[in-house]
Enquirer: 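My structure is below; once you've seen it, I'll send some questions.
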Amino acid sequence: PAIRARPALRCCERMLDFLRARQFRRDVLCRKELSVERWPRPESLKGMLLVSQSEPVSTEPDGTSDAVEQFRGPARRSLSTGEPALKSALITLHRARPRAMEYGQLLAEVRSAVGGVDEELFSRSMLACAMAALVELHTYLPPIAARPGDRPLASPLARCQAAAGKVVVDLRHRSVQLDSLSAAVLSLLDGSRDRSGLCDAITEQIRAGKLTIAALPDGGRDVPRAEIDRIVGEVLDALANLRLLMGRA
């Protein structure tokens, strides 16, 4: 009977691949004596790290009242809710990104913001957000920097990739497509340069014709230094949001 059931199971999984547009089969193998949890349990969130994949539509979201707030995630996914605990959690995670928050820390901050929290309902809501790709779950905390800092630092791999092209891998192993200016800035982030040194290096590349900024007249050659400083600062902030900058030990 078990052998006869396998083709039907494979057919079902294949249909799920089509429905979810899944290109690669992902299986988890374990020893036969171990029990298998087919579906994740809310209590499994304890000790895990949560990373925001959504953002509030409102510029000033209300996370404490019963007013409905909408949150927008990747691939046109969205969530509308008036539950204060869930709203507060999503707002808190959004403000913390690109860094992760441990589940217990998140729960404590939500309790501080809205008062009493039904932990069972809260954990189920956060698990549902994870299943809908509005929140990522992790067990490893990479050294992601939330802000560029005085001497911005990127990983050796990302710097090497940025020097060779525009596709780089972030600290959570995702591919990121950069423009020419962002790639040029990233390739210089070995931690030895401060903001002024970075701007000097970028200005030198622009003056030498090795780099152009398409949005500026004459590719940026005649733009005042203060404007270069502002643009490089914006690029550094964007690289931090893309999880490409490292914190220092």
Side-chain angles (χ1 to χ4, degrees), residues 1-58 68-83 85-87 89-91 93-94 96-101 103 106 120-142 144 157-158 161 164-179 182-183 238 241-244:
I3 296 177
R4 287 197 298 269
R6 286 174 183 169
L9 179 60
R10 287 199 299 269
C11 181
C12 177
E13 291 179 344
R14 187 177 304 165
M15 290 305 300
L16 288 175
D17 290 341
F18 293 149
L19 291 173
R20 296 175 179 175
R22 183 165 50 195
Q23 299 180 6
F24 296 97
R25 162 65 52 197
R26 294 182 295 179
D27 293 317
V28 177
L29 305 179
C30 66
R31 297 182 180 276
K32 63 180 180 181
E33 64 269 16
L34 298 178
S35 60
V36 178
E37 293 288 346
R38 296 295 179 184
W39 299 101
R41 296 177 299 173
E43 54 266 32
S44 299
L45 292 178
K46 294 181 180 179
M48 297 199 73
L49 300 163
L50 290 79
V51 181
S52 173
Q53 285 290 94
S54 64
E55 60 182 358
V57 173
S58 171
V68 174
E69 293 285 351
Q70 185 178 11
F71 297 85
R72 184 170 43 224
R76 298 184 179 179
R77 293 184 175 93
S78 65
L79 168 69
S80 296
T81 179
E83 170 58 38
L86 178 56
K87 290 192 300 178
L90 293 176
I91 292 170
L93 288 174
H94 172 68
R97 71 178 188 179
R99 293 179 298 176
M101 290 187 68
Y103 173 78
L106 175 64
E120 181 178 356
L121 176 60
F122 178 77
S123 61
R124 290 185 180 278
S125 297
M126 296 312 300
L127 181 59
C129 287
M131 299 293 286
L134 297 173
V135 171
E136 285 185 350
L137 300 178
H138 296 276
T139 57
Y140 168 67
L141 184 62
I144 296 174
L157 173 61
Q161 291 174 324
K166 299 179 182 179
V167 178
V168 300
V169 175
D170 69 15
L171 292 170
R172 290 201 180 277
H173 314 297
R174 302 282 182 87
S175 294
V176 180
Q177 178 81 35
L178 300 177
D179 56 46
S182 298
N241 287 331
L242 290 172
R243 302 182 289 200
L244 286 166

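All of these numbers come straight from a predicted model, not from anything done at the bench.
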Enquirer: Show your working on salt bridge (Lys or Arg N to Asp or Glu O under 4.0 Å) between E83 and K87 and close with a plain yes or no.
Expert: CA-CA 6 Å; E83 170 58 38; K87 290 192 300 178; over 6 Å; no
Enquirer: Is the backbone N or O of A132 less than 3.5 Å from a side-chain atom of R77, with the two atoms forming a donor-acceptor pair by type?
Expert: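 Side chain of R77 to backbone of A132, a donor-acceptor pair under 3.5 Å: yes, one is there.
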Enquirer: Can you tell if the side chain of S123 reaches within under 4.5 Å of the side chain of K46, non-hydrogen atoms only?
Expert: no
Enquirer: Shortest non-hydrogen contact from D179 to S182?
Expert: OD1-N, 2.7 Å
Enquirer: Just how far is it from atom CZ of R99 to atom CG of L93, taken to the nearest 0.5 Å?
Expert: 12.0 Å
Enquirer: Side chains of F122 and L106: does their closest heavy-atom pair fall under 4.5 Å?
Expert: yes
Enquirer: Is R174 close to V169 at the side-chain level, that is, under 4.5 Å between some pair of heavy atoms?
Expert: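 Result no, sub-4.5 Å side-chain heavy-atom pair not found.
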Enquirer: Is it the case that the side chain of E69 and the backbone of P56 share a donor-acceptor pair, with hydrogens and angles ignored and the cut-off at 3.5 Å?
Expert: no
Enquirer: Nearest 0.5 Å please: distance from the CG atom of L134 over to the NE2 atom of H94.
Expert: 13.0 Å
Enquirer: How long is the straight-line distance from CG of L242 back to CG of L171, given to the nearest 0.5 Å?
Expert: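 These two atoms lie 11.0 Å from each other.
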Enquirer: How far apart are the closest heavy atoms of A158 and V168, and which atoms are they?
Expert: O-CG1, 3.8 Å
Enquirer: Is P142 close to R172 at the side-chain level, that is, under 4.5 Å between some pair of heavy atoms?
Expert: yes
Enquirer: Please name the pair of heavy atoms, one in V51 and one in P98, separated by the smallest distance, quoted to 0.1 Å.
Expert: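 Minimum heavy-atom contact is CG1-O, 4.2 Å.
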Enquirer: Applying side chain to side chain contact (heavy atoms under 4.5 Å, CB included), run through V68 and T81 and close with a yes or a no.
Expert: CA-CA 5 Å; V68 174; T81 179; over 6 Å; no
Enquirer: In Å, rounded to the nearest 0.5 Å, how long is the span from CG of L50 to CG of L127?
Expert: 10.0 Å
Enquirer: Any side-chain heavy-atom pair from V176 and L178 closer than 4.5 angstrom?
Expert: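 They are in contact (side-chain heavy atoms under 4.5 Å apart), so the answer is yes.
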Enquirer: Evaluate the side chain to side chain contact (heavy atoms under 4.5 Å, CB included) criterion for residues L121 and L86: first the C-alpha distance (whole Å), next the side-chain angles of each, then the deciding distance (0.1 Å), finally the verdict.
Expert: CA-CA 9 Å; L121 176 60; L86 178 56; over 6 Å; no
Enquirer: Tell me whether R243 is salt-bridged to E136, with the criterion being a basic N under 4.0 Å from an acidic carboxylate O.
Expert: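 Salt bridge between R243 and E136, a charged N being under 4.0 Å from a carboxylate O: yes.
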Enquirer: Once rounded to the nearest 0.5 Å, what's the spacing between atom CD of Q70 and atom OG of S80?
Expert: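 Here the rounded value is 4.0 Å.
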Enquirer: Hey, what do you get for CG (L90) to OG (S54), rounding to the nearest 0.5 Å?
Expert: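 Atom-to-atom, L90:CG and S54:OG are 5.0 Å apart.
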Enquirer: Given side chain to side chain contact (heavy atoms under 4.5 Å, CB included), test V167 with Q177 step by step and report yes or no.
Expert: CA-CA 5 Å; V167 178; Q177 178 81 35; 3.2 Å; yes
Enquirer: Taking it one step at a time, do M48 and T139 satisfy side chain to side chain contact (heavy atoms under 4.5 Å, CB included)?
Expert: CA-CA 5 Å; M48 297 199 73; T139 57; 3.9 Å; yes
